[in-house]
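Step one of this worksheet: look at the structure below.
Remember, predicted model here, so these are calculated numbers, not experimental data. First listed ligand is number 1; within each ligand, the first listed atom is number 1.
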Amino acid sequence: MTKLFTPIEFNNVQLKNRIVMSPMCMYSCMERDGSVTPFHETHYISRAVGQAGLIMTEATAVMPEGRISHEDLGIWSDEHTEGLKHLNEQIHRYGAKTGIQLAHAGRKARLNSDIYAPSAIAFNESSATPTAMTLKDIENTIESFKDGARRAKEAGFDIIEIHAAHGYLINQFLSPLTNKRGDVYGGSAENRYRFLSQVIEAVQTVWNGPLFVRISTNEYDTNGSTLEDILYFVRQMKDQGADLIDCSSGGVVPASISPYPGYQLKRCETIKEQEAIATGAVGLITTGLQAEEILQNDRADLVFIGRALLRNPYWPKAAADELGYTVDAPKQYERGWR
Ligand code: FNR
């Protein structure tokens, strides 16, 4: 038995294998209203037919001003619930579980309207300067994550992932590069963690299912969060009951990185080993053998597959073939599967 195709359970939700469709923005909401479109259905459902164990939606905005673009998926209104519910029902038919990535872009929103961040510092010369959030703004935003989580539950998602990576709002609070606040939300690692801590707490008042958090484990800047800071954040998340840390990197400040196969794995492995919490590996994982190696060596518990799954919705089948394993076919395809 391969480890890639061994089921795994998080807080009573069982995934049939360790393959996760990594969250990927599709910028495909046609009416600028954040609603699921036929494209989203085709896109996500085909990866479920392709036998990924967990389908994680793209970054889904908890507030309209938290979108990266006007075409982002949203969950800021009760009107979004129905479309997401239908999407979930379809994905579930093919045996995959569903996750939603709850997000707020903060200063990385490109909306030609007011944008918000912990401090009034623009991402780069071509981006707008955000308004520094007041305590009231912070409170409202935390409430929006909670409302998003409630709607996610109503829509039938199995897992919630909080997007605290890639330099979006929560990451902007975590990083000393973007958080220059003088109040209880800025300064020490403990203060910078406070916003995420309160988001998790708020989400947990309406959600008792599995909770994943995606973080940037490396900010590629000597003045950014240190590995010690990151491990501290992970310990706090573990204490708060997070089930898995999805270990990505970058995006906080402009930085040039040269990705190579498994480029984000080292810190993923360190987090799993030092803090004894489940981790998700992501970043240029493209073959079944590579995924199996990561899991067998206990470097991570799940593999998140991004671009390889964009290129091939049947990536799980290709990975199984490589490993000499026979993955079940969707019943409609049984005659052509082998
Ligand atoms: C992404 N990525 C991403 N990450 C995230 O946390 N939320 C998101 O909405 C998106 N959006 C997105 C769109 C597109 C088109 C791509 C290619 C990527 C990052 C993605 O989940 C993944 O971490 C990286 O692509 C690295 O993994 P791969 O692609 O090398 O397997």
With respect to [X], determine whether any N or O atom, backbone or side chain, lies less than 3.5 Å from an N or O atom of ligand 1.
X	answer
Tyr263	no
Met26	no
Ile305	no
Ala59	yes

Answer with yes or no after comparing the ring centroid distance for Phe10 and Phe212 against a 6.0 Å cut-off, counting only values under it.
->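 Ring centres of Phe212 and Phe10 closer than 6.0 Å.
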Going by atom types alone, do Arg151 and Thr60 pair a side-chain donor with an acceptor below 3.5 Å?
->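 Per modelled atom types, Arg151 and Thr60 side chains form no pair under 3.5 Å.
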Polar contact flag, side-chain donor to acceptor under 3.5 angstrom, Glu65-His104 |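 Looking only at side-chain atoms, His104 and Glu65 do not form any donor-acceptor pair under 3.5 Å.
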Ion pair present between Asp78 and Arg150, side-chain N to carboxylate O less than 4.0 angstrom?
-> yes
Is a salt bridge present between Asp239 and Arg235, judged by a nitrogen-to-oxygen distance below 4.0 Å?
->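 Salt bridge flag = no for Arg235 with Asp239.
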pair [X]-[Y]: side-chain heavy atoms closer than 4.5 Å:
X	Y	value
Phe233	Val213	no
His40	Glu58	yes
Ser127	Lys108	no

Protein heavy atom at shortest distance from [atom]:
atom	value
atom 16 (C) of ligand 1	Met24 CG, 3.7 Å
atom 2 (N) of ligand 1	Pro23 O, 3.4 Å
atom 17 (C) of ligand 1	Arg307 CG, 3.6 Å
atom 11 (N) of ligand 1	Cys25 N, 2.8 Å
atom 31 (O) of ligand 1	Gly306 N, 2.9 Å
atom 7 (N) of ligand 1	Gln101 OE1, 2.8 Å

Atoms of ligand 1 close to [X] [distance to a heavy atom under 4.0 angstrom, numbered from 1]:
X	result
Leu284	28 (P), 30 (O), 31 (O)
Ser22	20 (C), 21 (O), 22 (C), 23 (O)
His166	4 (N), 5 (C), 6 (O)

Verify, without hydrogens or angle tests, whether Arg47 (side chain) and Ala52 (backbone) share a donor-acceptor contact under 3.5 angstrom.
->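 It does not hold such a pair.
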Distance-only, no hydrogens or angles: does the Asp137 side chain make a donor-acceptor pair with backbone N or O of Met133 under 3.5 Å?
->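 Pair absent, no side-chain N/O of Asp137 close to backbone of Met133.
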Under 4.0 Å from atom 24 (C) of ligand 1, do we find at least one protein heavy atom?
-> no
Among Asn297, Asn17, Asp298, find the one that has a side chain to side chain donor-acceptor pair (under 3.5 Å) with Lys3.
->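 When Asn297, Asn17, Asp298 are each tested with Lys3, the side chain to side chain donor-acceptor pair (under 3.5 Å) holds only for Asp298.
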Report yes or no: does Gly283 have a heavy atom closer than 4.0 Å to ligand 1?
->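 Yes, Gly283 has heavy atoms under 4.0 Å from ligand 1.
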Atom 4 (N) of ligand 1: which of Arg214, Gln264, Glu58, Glu161 has the nearest heavy atom?
-> Arg214
Could you name the option among Thr286, Asp246, Val282 that has the heavy atom nearest to atom 27 (O) of ligand 1?
-> Val282
